[in-house]
Amino acid sequence: MSIQTETLSFDPDALALKYRQERDKRVRVDGNDQYQEVVGEFAYFVEDPYIQDALQREPMLDEVEVVIIGGGFGGLLAAARLREAGIHDFRIIEKGGDFGGTWYWNRYPGASCDIESYVYFPLLEKTQFVPKQKYTNAPETLEYCREIAAHYALYENAMLQTEVRATDWDEDLGRWIVSTNRQDAIKARFVVHSNGPLNRPKLPAIKGINEFKGHTFHTSRWDYHYTGGNALGNLENLADKRVAVIGTGATAVQCVPHLGAAAKALYVFQRTPSSIDVRNNQPTDPTWMASQKPGWQDDRRRNFESIMTGAVVKEDLVSDGWTEAFRLLFGSIRDKAPSKLRLLGWAVTGLADKKRYQLGLKQYLTDKAAAHMDLTRALELADFQKMEKVRARADSVVEDPETAEALKPYYRQFCKRPCFHDEYLPTFNRPNVTLVNTDGRGLDQITETGIVFDGVSYEVDCIIFATGFEVGTDYSRRAGYQITGRDGMTISEKWSKGLSTFHGMHTRGFPNAFFFGPAQSAFTATYTYSLDENSIHLAHILSQAKARGCERIEASAAAEQQWVETIIEKARLTAEFQSQCTPGYYNNEGHVNVNPQNNTYGGGPIEFFALMKKWRSKGDLQGLELG
Ligand code: NDP
């Protein structure tokens with residue numbers, strides 16, 4: 001399918017200009033520094049509101065083979081895959097009161113995952129769990145995390161309500177010393193860092209942010225004592241409250257409908273609107289689930305992520321808003337790719353005729369450059385078309401034309417996390433709900449009694465920060481603990497000028513430490529898929545180490561250097577796209593490629609997984625020094 005510009009219902013050049021203007025007015029010189037870290041007087045924003053019985057126990061000073069830091073899906077999968085590989089001497093340390101990670105913390109009303117549950121919930125074939133709906137919600141996801149933990153008997157290996165403070169490599173012992181807030185000092189041969197890429201809430205560093213005298217919290221620590229209700233809604237305590245929510249990302253999109261339904265008055269402070277596509281949730285058909293053949297889940301998630309990387313597949317198994325968007329995008333360009341067969345033909349004839357080969361190659365490169373321009377244009381047009389539909393939805397749902405216009409996103413769909421929701425836009429038709437469109441600027445000030453924007457003061461009882469999580473700040477700041485490796489070098493020092501890893505998982509100077517992605521490894525929309533691949537990789541390496549009787553694993557300097565170069569090279573593939581996007585955590589707040597190695601693998605997840613599988617199949621752990 002190709003797009004004829006003369007049949008378009010919009011002016012692509014005018015739209016391109018509008019996108020650029022919307023982007024330019026949002027790029028700030030302070031980038032990530034525009035946010036306030038949740039420390040000191042802001043530390044209460046990250047206290048655990050969900051713990052019912054505070055744990056009391058003696059410090060643990062023993063030794064285990066493997067410590068896994070983090071009890072979210074990453075930690076659960078790591079432990080599950082280790083169990084399957086016959087490695088049982090491990091301990092999972094988790095700061096929350098239970099397993100769940102992201103899903104332990106994010107219990108805000110409406111919290112849910114818009115990646116299909118049959119691909120998002122890992123290990124379904126092992127646990128035989130049947131999600132209730134195509135798109136699950138937070139309570140069921142938390143329940144499923146507990147189900148995995150029970151299935152693999154992981155509670156017996158868990159240290160909950162325990163926060164790691166430091167991990168220090170002891171060269172003489174050949175062990176990590178893992179210290180916690182409970183005075184534990186556990187020796188471990190191997191440490192797996194699976195602390196979550198979006199785990200540390202961030203606040204905007206707005207003037208007066210510490211002056212508000214009303215109630216306030218971040219969405220990832222929802223205060224149900226204050227609001228009433230639960231993750232399914234019914235926030236009955238808000239009936240006499242004026243509430244402000246700051247931010248309109250994927251989290252706000254899910255909680256705003258519940259706030260709008262419950263609060264006396266709701267003010268939604270928007271800097272950039274999200275793209276809100278159709279969700280259309282459906283109950284699971286248990287007979288369909290039961291009829292699936294062994295291996296179905298791996299096929300399904302691979303099929304889903306393959307479509308997202310533009311690969312040709314026989315069938316779209318998931319068939320939803322995500323895959324439709326990618327099918328439209330990549331369907332429009334298939335006929336424009338330069339033929340590799342032609343290049344092969346030239347190469348073969350070139351063996352016999354050098355001049356003909358050189359002419360052919362020149363022609364191929366010209367074709368390729370033209371095709372690249374064609375491809376870029378076709379992709380842009382397909383994206384415009386898709387986003388025109390998204391924008392039209394705002395017009396058709398939202399009654400007030402000015403509010404509808406303000407809710408329209410003017411950027412390419414995958415510049416920011418696309419949202420799929422059927423109740424968010426109608427919320428703005430409620431008489432008690434006001435959209436405060438800051439048009440890219442953000443708020444001006446917070447006062448003792450409310451929020452000021454553009455000279456107007458909005459008096460509120462409660463401010464809810466739906467302002468997301470730190471990405472791109474120092475690793476140890478986000479993890480909440482420092483990692484000190486060989487010769488006293490810290491991970492903050494090692495990565496101060498840019499990430500440096502082998503396969504995203506190992507970094508030289510930190511023997512026996514394993515890092516779970518997505519940095520310098522795969523980024524999948526189905527994040528649990530990447531974590532599962534990380535876990536399979538980890539279990540392979542530790543099984544190999546055990547089989548060879550080796551006690552020490554460290555990336556070689558050469559292998560690490562080569563991997564960093566690969567990441568930099570592949571980052572070029574996405575840099576052009578990212579640099580045109582409106583700022584956000586996807587593109588380092590608009591400052592693309594400050595450190596090109598601080599990227600995920602630019603060749604896409606399916607290519608990365610295949611590369612790792614090939615590496616494993618060789619069986620020689622190439623690139624790792626073993627001792
Ligand atoms: P995001 O980082 O996506 O959104 C933060 C929001 O806060 C943005 O709208 C941002 O505006 C706004 N903001 C930041 N600073 C200010 C300011 N000074 N004034 C006004 N607004 C401000 O965080 P979320 O918690 O929404 O989502 C994080 C990620 O979690 C998602 O990207 C997604 O990966 C995941 N998630 C997935 C869900 C799902 O499956 N449906 C649901 C929820 C989360 P701006 O855009 O201008 O920066």
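Basis for what follows: all heavy atoms, side chains included, without hydrogens, waters or symmetry-related copies. Remember, it's 1-based here, ligands and their atoms both numbered in the order they're listed.
Using a cut-off of 4.0 Å between Lys/Arg side-chain N and Asp/Glu carboxylate O, Glu470 and Lys202 are scored as not salt-bridged. For the pair Asp114 and Arg417, the salt-bridge criterion is met [side-chain N within less than 4.0 Å of a carboxylate O]. Asp277 has no carboxylate O lying under 4.0 Å from a charged side-chain N of Lys389, or vice versa, which leaves the two without a salt bridge. A salt bridge between Arg279 and Asp422 is absent, with no side-chain N of the basic residue lying under 4.0 Å from a carboxylate O of the acidic one. Arg391 has a carboxylate O that lies under 4.0 Å from a charged side-chain N of Glu388, or vice versa, which qualifies the two as a salt bridge. Taking the charged nitrogens against the carboxylate oxygens, Lys95 and Asp48 have no contact shorter than 4.0 Å, which rules out a salt bridge.
For Arg107 and Tyr104, the positive end sits near the middle of the six-membered ring, less than 6.0 Å away and at most 45° from its axis.
Here is the list of ligand 1 atoms found below 4.0 Å of a heavy atom in Ala466: 5 (C), 6 (C), 7 (O). Listed by number with element, the atoms of ligand 1 under 4.0 angstrom from any heavy atom of Tyr108 are 42 (C), 43 (C). Each of the following atoms of ligand 1 lies closer than 4.0 Å to a heavy atom of Tyr35: 14 (C), 15 (N). When each atom of ligand 1 is checked for a heavy atom of Phe469 under 4.0 Å away, the hits are 25 (O). Residue contact check: Gln254 has heavy atoms under 4.0 Å from atoms 39 (C), 41 (N), 42 (C) of ligand 1. In the vicinity of Leu198, heavy-atom distances shorter than 4.0 Å reach the ligand 1 atoms 29 (C), 30 (O).
For the pair Thr251 and ligand 1, the shortest N or O to N or O distance falls below 3.5 Å. Considering backbone and side-chain atoms together, Thr272 places an N or O closer than 3.5 Å to an N or O of ligand 1. Residue contacts with ligand 1: Gly584 is placed with no nitrogen or oxygen under 3.5 Å of a nitrogen or oxygen of the ligand (distance criterion only). The N/O atoms of Tyr585, backbone and side chain alike, include one that comes under 3.5 Å of an N/O atom in ligand 1. Residue Gln34 has no N or O atom closer than 3.5 Å to an N or O atom of ligand 1.
Regarding atom 41 (N) of ligand 1, its nearest protein heavy-atom neighbour is Asp114 OD2, 2.8 Å. The protein heavy-atom contact nearest to atom 37 (C) of ligand 1 is Arg417 NH2, 3.7 Å. The nearest protein atom to atom 19 (N) of ligand 1, hydrogens excluded, is given as Gly442 CA, 3.4 Å; this is a heavy-atom distance. The nearest heavy-atom contact from the protein to atom 4 (O) of ligand 1 is Gly249 CA, 3.8 Å. Looking at atom 12 (C) of ligand 1, its nearest protein heavy atom turns out to be Gly247 CA, 3.6 Å. Scanning the protein for heavy atoms near atom 18 (N) of ligand 1, the closest one is Pro204 CB, 3.4 Å. Scanning the protein heavy atoms around atom 1 (P) of ligand 1, the nearest turns out to be Gly468 CA, 4.1 Å.
Using a 4.0 angstrom heavy-atom cutoff, Cys113 counts as in contact with ligand 1. In this structure, Ser112 has a heavy atom closer than 4.0 Å to ligand 1.
Residue contacts with ligand 1, taken as heavy atom pairs separated by less than 4.0 Å, involve Ala250 via backbone and side-chain atoms alike. Residue contacts with ligand 1, taken as heavy atom pairs separated by less than 4.0 Å, involve Ile246 solely via side-chain atoms from C-beta onward. The side chain of Lys416, and not its backbone, has at least one atom closer than 4.0 Å to an atom of ligand 1 (non-hydrogen atoms only; side chain from C-beta on). Residue-level proximity to ligand 1 for Ser274 is absent, since no heavy atom of it falls below 4.0 angstrom.
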TODO: Go through Arg23 and Thr272 one step at a time and tell me if the side chain to side chain donor-acceptor pair (under 3.5 Å) criterion holds.
DONE: CA-CA 10 Å; Arg23 173 198 177 275; Thr272 309; over 6 Å; no
TODO: For side chain to side chain donor-acceptor pair (under 3.5 Å), just list the numbers for Asn106 and Ser220, CA-CA rounded to whole Å, side-chain angles, deciding distance to a tenth of an Å, and then say yes or no.
DONE: CA-CA 4 Å; Asn106 288 278; Ser220 66; 4.8 Å; no
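Among Lys202, Gln36, Arg271, the residue whose heavy atom lies nearest to atom 17 (C) of ligand 1 is Arg271. Summarising the contacts of atom 9 (O) of ligand 1 with Thr102, Leu443, Thr248, the nearest heavy atom is found in Thr248.
Heavy atoms from other residues, nucleotides or ligands lying under 6.0 Å from NZ of Lys25 number more than 12. Atom NZ of Lys18 has more than 12 neighbouring heavy atoms from other residues, nucleotides or ligands inside a 6.0 Å radius.
Under the 30°/60° scheme for interplanar angles, the aromatic rings of Phe326 and Phe414 are found to be tilted. Taking the six-membered ring where the residue is Trp, Phe523 and Tyr586 present perpendicular rings, their angle passing 60° and hence far from 30°.
The two residues Val119 and Thr526 come nearest to each other via the heavy atoms O-CG2, 3.5 Å.
Aromatic rings of Tyr120 and Phe73 (six-membered ring for Trp) have centroids within the 6.0 Å cut-off, being under it.
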